[in-house]
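Structure first, then comments.
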Amino acid sequence: MAVAARTEATTADPSYLGGNLWSWLTTVDHKRIAVLYGTAALTFFVIGGIEALLMRLQLARPDNTFLAASTYNELFTMHGTTMIFLVVMPLEIGLFANFAVPLLIGARDVAFPRLNALSFWLFLFGALFLHASFLAGGAPNAGWFGYANLTERYFSPGTNLDFWVLGLLILGISTLLTGINFGVTIINMRAPGMTFMRMPMFVWTILVTVVLILLAFPALTVALILLLMDRFYGTHFYIATVGASPLLWQHLFWLFGHPEVYIMALPAFGIVSEVIPVFARKPLYGYPMMAYSTALIGFLSYGVWGHHMFAVGMGPAADAAFAVTSMLIAIPTGIKIFTWIATMWGGALCMTTAFLFSLGLILEFTIGGLSGIMHAAVPIDLQQTDSYFVVAHLHYVLFGGSVFGIFSALYYWWPKLTGRLLDERLGKLHFWLTVIGFNGTFFPMHFLGAEGMPRRIYRYAPGMGWDMWNLVATISAFILGLSVAVLLYNIVRTCYRGVRAADDPWDARTLEWWTASPPPAYNFTRIPIVRGRDPFWILKYGHQRSAKGAALDPQRPVLEAAPPDAFHMPAPSIFPLVLAAGILLTAVGAITRLSLVGIGFSVVLLSIVGIGFEYARFGEEEPPSAAAGLSTALDNRKLGIWAFIGSESIFFASLISTYLIYKGRNLAGPGAPEILEVPLTSVSTFILLMSSLLMVLALAANQRGDERWARRWLLGTAGLGSLFVLGQVYEFTHFYHKGLALQTNLFSQTFYTLVGFHGAHVTVGVLWLLALAIASRAGRLRRERSLSIELCGLYWHFVDVVWIVIFTLVYLLEGVQGA
Amino acid sequence: MKTLRGLSFLVLAGCHGATPPMTTMAPKSDFAEWTHTLYLQVIGWDSLILAIVALATFVALFRYSTRAREGEAPTVSREHLALEVTWTVGPALVLVAIAIPTIRTTFRSQPAEAPPEALEVKVTAHQWWWQVQYLDLEITTANEIHLPAGRPVRLSLESADVIHSFWVPQLGGKRDIIPGHTNAITLVPRVPGVYLGQCAEFCGLSHANMRFRVFVDTPAQFTAWSAQQTAPAAVPGRPAEAATLVEAGAQLYAASPCVTCHTVNGVSTQRVGPDLTHFGSRTTLAGGTLDNTPENLAAWLRNPPAVKPGAQMPDLGLTAPQIAQLAAYLESLK
């Protein structure tokens, strides 16, 4: 079945799975990073599962005293946080997308390999930081959703939630970087001929997922930053007594939180869309519908956050609007379900474990989707929200959807990942135990919810009619635990005694099966040319719809054995690890001693400088983009900056909205009209705008090879930027002396936060400009490297545009109203 | 309809004999009834869709699972426009059928203003108990709400600290209680009875211990209850041994730190903790988690945070005789 010509070229290469510790710490290979993600996330899966089992033990009978209330609250908080941020996302995106996307699109690595490594180390350190809370006096205990104002220092005085806030911020950075990285990879690095409409469906879902990440995570970041300021600097962003509202948290959180649901669901849908065609021996039915429905789900997911807040009392009109948008999502989701069934229809189904889990997903997720429709119906939701009915619903979506998809992918891609096949008999045992344990645990929770059992209660009274189903759920949860033990045993056993996998053990359809199992470090000896959907199938059988009756295509290109060192692969680097450690130190310092924050910052700066020198030594960082004819014609880095700017827009939009929402709610102290000095700020605004002009001149000078003038204009831009920052420092001190401290009132909090974050962005820009000027002085910024200046320019112009918005909304409007 | 309701109750209530006290499946108010009707409709649609999906999946499975083994080739399937339109438009029509009654019920159950004859009850949620006030009747009590059957009631909901959620499943859906906002539920309780409620939004350490009861009374019972509650606090001074215990308890209460937090009309006025004026007439204590018996009260007075983790009331270091006196006094406050 495997294509013989390939093996001779690749078997000689050492597997990427070997190597010493140092090679793993410095790796930038997407496959190794995927293995690191997978190992870490599976470990956290076990930890999160144990937390769940402890909770189930406590709930096994009424008025149980197995766990204290405080422990129980920590467990459900950490269970939710762990499973979402440390298990499902890292497995789907960190492991499977990382491993499979470059292979599926015929690329040699991701767009930014070192950034990829940085994402992993940030993820690992963020996760370890979060778990360090167990040793430091108590884990986070306010739920994964962390509703303000319970999370304020007054109600939650310990360090529990400090770990949560800082840990999630670190994880957020990691996710954001991954999002940028994979977005650029998918858009820019597809093999020749792989148009968007020929991309494997998994790649489609990851593309939509990263767009969701880029646009959703900033809302969470802002929500967390405001909470951090409340807890550390005494502001009152979520405190009602000063006119603020705890509901701001809920809006920001669910603006992130609902897209997050699809960030976890879509990759699983993509997995099913890969697995079912392979084992049905048929191409995916209705490919365009599948692609468009994925994009539509992503788009709609931004308009439905309110359905998490029906009980809040938004009013019947808002409730009805969110009900309708939420119901709309059922249509593209239904299309997916029916399309999968249509793909199976008429196929020759191979009942492998991977296929069974995908099949399981279709049915289990449908149940979760249908109970989701109930929650879109406002009055029903008011009965079910925050009851065990929702616990049932969300586990049918996240376990029945995402985790079933993850298990399916694990069996499907394991031979490619490791070169060995997971045992199918153990796999089927794992599948059936999962189905029994999963449904036995979570289906009774529908009954418990309908009988009125609220969520997040560490004990319940006898005689409520909840005893029996709780016991059933607990027993089933242990069956589910057993199923995971079978999986782990299968994995360990396979590592030692597993059957060696052929390169194409499933007679599959996509490019990853074209290369060796496991793939060589450079993935493909030759970059394939894609001539249609399911490119490997076409390579094997020509444009036949099935293998039956079709001999291997005689026109199939003969593969040449190009020596591996003929193409440039990214060099390993320790700096991603060091940089991530610096950020970890900063977070540790915020909780323990402030001097560590300084050290952490220094480490971060030094590693950025280190990366800069590395760049100078090694030349071009990225593997060359193979898809010259296909890419957007934008350089990877430029596209990356654009993605970053898109994400930053949401960040500032969230901060600006906060300012606008809280405008005019001041209770005490000076407000905007008395404080702001529009003439002075107009001058500094003019200065900042002029700096954008100099930035343009700098780029133009460098592009025509006039490095000296380029340098002057760069320094000029930096100088004007510094003037602007100095003006802001003056402004802030001046306001402070007029009695407007950070904590004075809502205006001061939102004003200082918004303008301060913008000032921080300008400062980063000034440092960047200075670094460019130095590089130019050292002769490292010649004409052909003008892109480096262009990147900085894009950032700089963006920061200026943001300032125009802030100046208009905060200063000018206020000035007009004040006059 | 009736059989359907009975059937779904059997299924969803998990075949229990007695009605579970917090079930959502046995509506006892207009709001709960509307919700339940909608619920049954959606369950019907959901079951239909699930049946179609499951049937299609299993038919596909049984028809095509042997082919691979027998070496048969898959059937070439072409894109089928009619089929695709069906599975797009079909669900859309079902959603319209669900959306219309949803929106109608949403507006109907959230009237902007309560009917003029509505009884106003103000509920203030605390970590972790409920203060209940009838402003027109000048009644303040805790963890127990009495409502007359058949008369509309407007529950206005406020929080003293963090976010809570007011939920009495048999009387209808929940409503979050947000600091700085006043939320409301308007409903007409239909059937007299005792209905259990519980805080439904995680509100800290003892979230599980924030329960309460709603007594839907006949109008006569309600009048009698409100008359009792508006009467002055009981004054001790009756024969026998018990009276001396009560007398001693009354003196102890007035001189103790109790008065810095609690109200007993005519004795103390603070409202940090529950109003105790008619404590003896209530059926529960400690956030509705314990039956109001002298033994439970004694256990509570001995060490409140041991009964309700995180309870704001500290262990006052009372001796056993003091506890007996206080318990006797408080239980006498009918």
Side-chain angles (χ1 to χ4, degrees), chain A residues 69-70 143 147 149-150 155 240 245-247 280-282 285-286 289 311-313 316 319-320 323-324 327 330-331 334-335 337-338 341 344-351 362-363 366 370 373-374 377-380 382-383 386 447 450-452 454 456-459 464-465 468-469 545-546 548, chain B residues 12-14 16 20-25 35 38-39 42 46 49-50 53-54 56-57 60 64-65 67-68 72-77 79 84 87-88 91-92 95 98-99 102-103 105-107 109-110 162-163 165 169 173-176 178-180 183 198 200-202 204-208 309:
Chain A
S70 55
Y147 270 10
N149 55 343
L150 179 63
F155 294 108
S245 171
L247 290 181
R281 305 254 164 278
K282 271 181 68 198
Y285 182 91
M289 287 277 265
V312 155
D319 284 359
V324 171
M327 286 180 191
I331 298 175
I335 289 175
I337 302 267
F338 290 118
I341 297 173
M344 283 162 43
W345 202 269
L349 307 180
C350 294
M351 295 298 190
I362 295 179
L363 292 175
T366 300
L370 291 172
I373 290 178
M374 294 185 188
V378 185
I380 304 177
L382 293 180
Q383 282 286 22
D386 279 315
F447 305 147
E451 286 174 10
R456 303 179 181 121
I457 54 170
Y458 75 95
R459 65 165 186 164
M464 302 298 289
M468 181 180 85
W469 289 124
R545 280 191 179 256
S546 75
K548 196 69 189 175
Chain B
L12 282 158
H16 278 280
M22 279 181 68
T23 183
T24 61
M25 308 299 293
T35 305
L38 183 64
Y39 182 52
V42 179
D46 275 6
I49 296 170
L50 183 61
V53 170
T57 309
Y64 305 113
S65 61
R67 278 190 173 181
E72 273 180 71
T75 318
V76 178
S77 62
E79 319 259 307
E84 288 175 32
W87 71 49
T88 309
L95 289 173
I98 294 175
T102 294
I103 293 172
T105 314
T106 302
F107 277 89
S109 59
Q110 297 184 41
V162 299
I163 299 178
S165 191
K174 55 188 78 65
R175 183 61 71 198
D176 288 354
I178 319 281
N183 266 336
Q198 187 160 351
E201 185 64 83
F202 180 68
L205 189 57
S206 255
H207 165 59

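Reminder, nothing fancy here: chain letters follow the sequence lines and each chain counts from 1.
- In this structure, B:P74 and A:A348 approach most closely via the heavy-atom pair CB-N, 3.8 Å.
- Taking B:A208, B:G204, B:A99, B:S109 one by one and counting their heavy-atom pairs under 4.5 Å with chain A, the maximum is reached by B:A208.
- Of the listed residues (B:A54, B:A92, B:P21, B:G180), the greatest number of heavy-atom pairs within a distance under 4.5 Å of chain A belongs to B:P21.
- Formation of a donor-acceptor pair under 3.5 Å by the B:T24 side chain with backbone atoms of A:A450 is found in this model.
- Between B:V53 and A:L363 the shortest side-chain heavy-atom distance falls below 4.5 Å.
- Heavy-atom pairs under 4.5 Å with chain B were tallied for A:A280, A:G286, A:G143, A:A323; the largest tally goes to A:G286.
- Using a 4.5 Å cut-off on side-chain heavy atoms (C-beta onward), A:I337 and B:T57 make no contact.
- Residues A:E451 and B:M25 are not in side-chain contact: their nearest non-hydrogen atoms beyond the backbone lie 4.5 Å or more apart.
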query: Stepwise, does the side-chain contact (heavy atoms from CB on, under 4.5 Å) test hold for B:L95 with A:I373?
result: CA-CA 9 Å; B:L95 289 173; A:I373 290 178; 4.2 Å; yes

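- Of the two parts of B:D46, the backbone and the side chain both hold a non-hydrogen atom closer than 4.5 Å to a non-hydrogen atom of chain A.
- Contacts with chain A were tallied for B:T88, B:T106, B:I98; B:T106 has the most, counting heavy-atom pairs under 4.5 Å.
- Interface remark: B:I178 contributes side-chain atoms only to the contact with chain A (heavy atom separation under 4.5 Å).
- Note that CD of B:E201 is 9.5 Å distant from CG of A:L150, once rounded to the nearest 0.5 Å.
- B:S165 pairs by the side chain to side chain donor-acceptor pair (under 3.5 Å) definition with B:D176, not counting sequence neighbours.
- Within the 4.5 angstrom heavy-atom criterion, atoms from both the backbone and the side chain of A:M374 approach chain B.
- Among B:S206, B:P91, B:A56, the residue with the largest count of heavy-atom pairs under 4.5 Å with chain A is B:A56.
- A:Y285 has its side chain within reach of B:E84: a pair of non-hydrogen atoms, C-beta onward, lies under 4.5 Å apart.
- For the pair A:Q383 and B:Y39, the minimum side-chain heavy-atom distance is 4.5 Å or more.
- In this structure, the portion of A:F155 lying under 4.5 Å from any heavy atom of chain B is its side chain and not its backbone.
- Taking all atoms of both residues into account, the shortest heavy-atom contact from A:G313 to B:N183 is CA-OD1, 4.1 Å.
- Legend: residues meeting ring-ring contact (aromatic ring centres under 6.0 Å, His included) with A:F338, ordered by chain and number and at least two apart, are B:W87.
- For A:V324, the part sitting under 4.5 Å from any heavy atom of chain B is the side chain, from C-beta outward, and nothing else.
- Nearest heavy atom pair, residue A:G452 against residue B:P169, reads CA-CG, 4.3 Å.
- Proximity to chain A (any heavy atom under 4.5 Å) is restricted, for B:Q198, to the side chain, taken from C-beta onward.
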task: List the steps and the verdict of side-chain contact (heavy atoms from CB on, under 4.5 Å) for A:L382 and B:T35.
output: CA-CA 9 Å; A:L382 293 180; B:T35 305; over 6 Å; no

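- The side-chain heavy atoms of A:V378 and B:T105, taken from C-beta on, include no pair separated by under 4.5 Å.
- Per-residue counts of heavy-atom pairs under 4.5 Å with chain B were compared for A:A320, A:G346, A:P454; the largest is that of A:G346.
- Of the listed residues (B:I49, B:V42, B:L38, B:I103), the greatest number of heavy-atom pairs within a distance under 4.5 Å of chain A belongs to B:L38.
- The line from CD of B:Q110 to CG of A:D319 is 5.0 Å long, rounded to the nearest 0.5 Å.
- Residue with the most contacts toward chain B among A:G334, A:P246, A:A330: A:P246 (heavy-atom pairs, distance under 4.5 Å).
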